[in-house]
Amino acid sequence: MKEYKVKLFAQLKDRAGQSSWSLKSEQVLRTSELLESFFAEFNDLEKLKAITRIAVNEEFCFEDKELTGDEEIALIPPVSGG
Amino acid sequence: MKEYKVKLFAQLKDRAGQSSWSLKSEQVLRTSELLESFFAEFNDLEKLKAITRIAVNEEFCFEDKELTGDEEIALIPPVSGG
Amino acid sequence: MNKNYFIDITRASIDIEELNKSAEDPECGAVLSFSGTVRNHNFGHKVTKLSYEAYAPMAKKEIEKIIVEIFAMDPGIKKIQAVHRFGEMPVGESSIYLTVSSKHRPEGFLALRTLIDRIKQDVPIWKKEFYEDGESEWLHPDEGCCHKHLCLKSYDMS
Amino acid sequence: MNKNYFIDITRASIDIEELNKSAEDPECGAVLSFSGTVRNHNFGHKVTKLSYEAYAPMAKKEIEKIIVEIFAMDPGIKKIQAVHRFGEMPVGESSIYLTVSSKHRPEGFLALRTLIDRIKQDVPIWKKEFYEDGESEWLHPDEGCCHKHLCLKSYDMS
């Protein structure tokens, strides 16, 4: 059993009520599966679902990939810095 | 007899050795004639001849025009501010 | 100067004077700066206060990537500085201050524009606006955010 | 603020801090600045000193015309400042400092670029560079200077 811990920011953090969220899984998870699971749990975040990115070890993913659970993972809703 | 007094700047001023140059004429002069006369007198200023502008009362001329001699006239070699 | 760029993601107010001073370079004929400030109105709401949240270590890395790409665009670009403030701040203060020092102005303008556009697209920092009526809102632009990175938009979500 | 622009042609060194302060505007999300400085080299010559000559009253009028045109380009452009220094100055100090305050950044970038490009084309100010070897030279760019005004190029000079 692996625990995939995910950092949350901005509206995602407010909605979850905490700065991280985690998912336990027996199987190896892929980045897209983690995204799907998060937005299935918080299914009122419809607007952000399709456009939230995922970062692994402080880098955006360009493609879907397998996770070991040892990475620093974060969900990145559309940014509004500047 | 009218005296057309012309302000000089930069290389034109250095070449003439003074900050203004004037031309006396019995006739009414046009801006293009004033330009021609100046560069005929200082005919070593070949490089600047064709590209020097003339300003009348602190405005560039868009077209050739008659002068009364009472205007503030200036020759404006290519500018290099900034 | 060892490094030709400087990046900071900070809670402190931005020392613009200091950044302007260090942007000067005898090889550079043009120094451009961009200061981003939060306006007192947004979509008709009066903004009273705002707060930025930053995923700071990643933000710094992303800005660094952008800067490295910009230097590769033109050898005339000599120095870049990017400071983004986060946490609460009053309306009207700079949330971001960028400088580009370049030999000539065309590459400087291009670099500065690219820098701010890319930061607004890819750097993990979020703005929350607080309005006069007590409401507050996170700003999440709907577009321009997933142009090349993984997100569920790329998949069939049916 | 009565006037939404400020122009100065001055022998004094430019007070950049003051200009940055007055460029701030609660309606403006973007403040851009351009600082022009003379580089220590030009065409392989080491520049030791420089001097600008200005036809100051006309320079001020020309800059004013440019600024009025820029305001007409986009209502998001709220404030413009342009200060040009003249007389002798050491290499590395700002000879020109421009600021544009705008609601959003696209019109700000366009305004600032237009402002500096037009100043370099039409404002009667001339730069003289002094070189290490004791030589000095007025800079008179060969092109971009007579695009619409009267000059002898427009005529048959044969």
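Sequence lines set the chain letters: A, B, ... in the order given, protein chains first and strands last, and positions in each chain run from 1.
Taking 4.5 Å as the limit, some side-chain heavy atom of D:I63 sits within range of a side-chain heavy atom of D:I9. Considering only heavy atoms from C-beta on, C:F6 comes within 4.5 Å of C:V83 through its side chain. A heavy-atom distance below 4.5 Å is found between the side chains of C:L115 and C:I67.
For the atom pair CD1 (D:I125) and CD1 (D:I96), the distance works out to 7.0 Å, reported to the nearest 0.5 Å.
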Here's a test: name every donor-acceptor pair under 3.5 Å between chain C and chain D, with the distance for each.
| residue | atom | partner | partner atom | Å |
| --- | --- | --- | --- | --- |
| C:P26 | O | D:N40 | N | 3.0 |
| C:C28 | O | D:T37 | OG1 | 2.8 |
| C:G29 | O | D:T37 | N | 3.0 |
| C:V31 | N | D:S35 | O | 2.9 |
| C:V31 | O | D:S35 | N | 2.7 |
| C:S33 | N | D:S33 | O | 3.0 |
| C:S33 | O | D:S33 | N | 3.0 |
| C:S33 | OG | D:S33 | OG | 2.5 |
| C:S35 | N | D:V31 | O | 2.7 |
| C:S35 | O | D:V31 | N | 2.9 |
| C:T37 | N | D:G29 | O | 3.0 |
| C:T37 | OG1 | D:C28 | O | 2.8 |
| C:R39 | NH2 | D:H104 | NE2 | 3.3 |
| C:N40 | N | D:P26 | O | 3.0 |
| C:H104 | NE2 | D:R39 | NH2 | 3.3 |
| C:R105 | NE | D:D117 | OD1 | 2.9 |
| C:R105 | NH2 | D:D117 | OD1 | 2.9 |
| C:D117 | OD1 | D:R105 | NE | 2.9 |
| C:D117 | OD1 | D:R105 | NH2 | 2.9 |

*Could you go through the side chain to side chain contact (heavy atoms under 4.5 Å, CB included) check for D:I80 and D:I7 one step at a time?*
CA-CA 9 Å; D:I80 297 177; D:I7 303 167; over 6 Å; no

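Comparing C:G92, C:G36, C:P26 by heavy-atom pairs within less than 4.5 Å of chain D, the highest count is held by C:P26. Contact count versus chain C (heavy atoms, under 4.5 Å) is highest, among D:L112, D:V47, D:V100, for D:L112.
The two residues D:L32 and D:F109 come nearest to each other via the heavy atoms CD1-N, 3.3 Å. D:A59 and D:V123 get closest at one heavy-atom pair: CB-CG1, 3.6 Å.
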